Amino acid sequence: MSKKILIINTGGTLSSVMKGNGLMPGLSIRDMQKELQIVSGDIDIEIEDFCSLDSANIFPEDWSVLAEHISSRRNDYDGIVVIHGTDTLAYTSSMLSFMLRNINIPVVITGSQLSIINPVADAMENCRCAIHMAASRIPGVFVAFNRKVMLGCRASKVRSLSFDAFESINYPDIATISSLGMRIDEAAVPERTGIFKLANTYSDRVGLIKMFPGIHRDVFESMAERGYKGLYVEAYGIGGMPFLKHDFITTLDRLIKGGMTVVIGTQCVYEGSKMDVYETGRRALEAGALEAHDMTCEAALTKLMWILGMTDEPAEIRDYYSMNMAGELTVKR
Ligand code: ASP
């Protein structure tokens with residue numbers, strides 16, 4: 001029996017047309033039906049519009065509704081493809097990896113760098129890859145782009161123009177397409193750890209700060225004063241924070257004692273943090289900061305939003321954050 005895939009359109013460049021104010025999503029899924037049918041081969045597709053947004057306009061409330069929608073359709077299809085703008089795609093794929101943890105079907109997010117109406121676009125190739133991954137019966141949340149499939153919580157947009165826009169960070173690709181066909185590395189697919197249960201709540205009181213020489217501590221303090229519950233800090237190198245002339249450790253200590261959850265990661269794209277090496281990292285850990293290790297920025301941030309949407313209990317937050325929930329974190333033993 002042929003497989004049945006649902007394709008949900010949220011907008012982005014793939015569906016874009018040139019209008020007076022510049023390139024914007026304008027094609028409905030019906031306008032793209034012919035192209036989608038061509039790349040699906042003998043797979044049955046059903047299509048629907050969810051929204052038609054440049055992904056800069058996608059916000060956590062959209063993730064929550066999208067996760068609920070996918071959850072409600074999961075038993076009607078062999079897999080689901082989500083067409084999404086590339087700019088915030090990795091945030092969406094990371095958050096969906098948490099909200100849809102242990103989902104029983106493949107959910108594959110894709111987009112493109114050129115509109116599907118452009119004859120030299122990457123759009124059809126990316127949709128082809130996504131649809132065939134969605135028909136693979138391998139459950140999980142994935143990103144398909146430029147003939148490769150990545151884990152949703154490991155993908156990051158690393159190039160703004162090239163077709164090779166996404167990379168899987170600190171984790172092998174799940175699948176690649178070559179002259180050998182689609183090769184899936186099943187050993188790289190995280191095992192489902194339990195029964196699926198939609199978990200689409202989140203906290204919108206989470207901030208992201210990138211450290212730079214010259215940053216003022218009052219940036220941290222003003223976030224606490226404004227009621228932020230969580231902060232993800234992109235620190236230096238393997239996770240260093242300043243403590244001499246400008247003592248950020250005392251500031252962190254105060255915020256953490258006041259109930260804020262602070263996670264520290266690295267500004268480096270590859271290889272993650274290792275905060276127990278330098279004094280600049282150890283002091284932050286002693287102040288009670290959590291560590292992002294090898295998570296992407298997108299995964300570290302959305303994981304914090306997701307956990308703080310479930311609990312305010314510091315011990316629970318710490319436990320959940322240090323667990324590998326969906327393949328986003330390499331837990332060292
Ligand atoms: N600005 C577009 C978006 O993220 C870019 C793209 O889709 O490639 O919606």
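As the structure lists them, so they are numbered: ligands from 1, and atoms in each ligand from 1. Side-chain atoms are counted along with the backbone in the values below, which use heavy atoms only and exclude waters and symmetry mates. As the structure is a computational prediction, the values presented were derived from the model and not from experiment.
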Looking only at N/O atoms, are [X] and ligand 1 under 3.5 Å apart anywhere?
{"X": "Thr88", "value": "no"}
{"X": "His84", "value": "no"}
{"X": "Lys157", "value": "no"}

Just jot down the ligand 1 atoms closer than 4.0 angstrom to any heavy atom of [X], in number order.
{"X": "Gly12", "result": "7 (O), 9 (O)"}
{"X": "Thr13", "result": "2 (C), 5 (C), 6 (C), 7 (O), 8 (O)"}
{"X": "Gln113", "result": "8 (O)"}

Option of least heavy-atom distance to atom 9 (O) of ligand 1 (set: Ser15, Ser55, Ser16): Ser55
One thing to verify: whether Arg217 and Glu221 come together as a salt bridge, which I'm taking to mean a side-chain N less than 4.0 angstrom from a carboxylate O. no
Both conditions, 6.0 Å and 45 degrees, for the charged tip of Lys303 above the ring of Tyr321: are they met here? yes
A side-chain contact here means heavy atoms from C-beta on lying under 4.5 Å apart; do Met305 and Met95 qualify? yes
Assess whether salt bridge (Lys or Arg N to Asp or Glu O under 4.0 Å) is satisfied between Arg282 and Glu286, documenting all intermediate values. CA-CA 6 Å; Arg282 280 197 196 180; Glu286 278 158 21; over 6 Å; no
From the options Ile47, Asn9, Asp49, select the one residue that forms a side chain to side chain contact (heavy atoms under 4.5 Å, CB included) with Arg30. Ile47
Give me the residue, atom name and distance of the protein heavy atom closest to atom 8 (O) of ligand 1. Thr86 OG1, 2.5 Å
Less than 6.0 Å separating the ring centroids of Phe220 and Phe248? yes
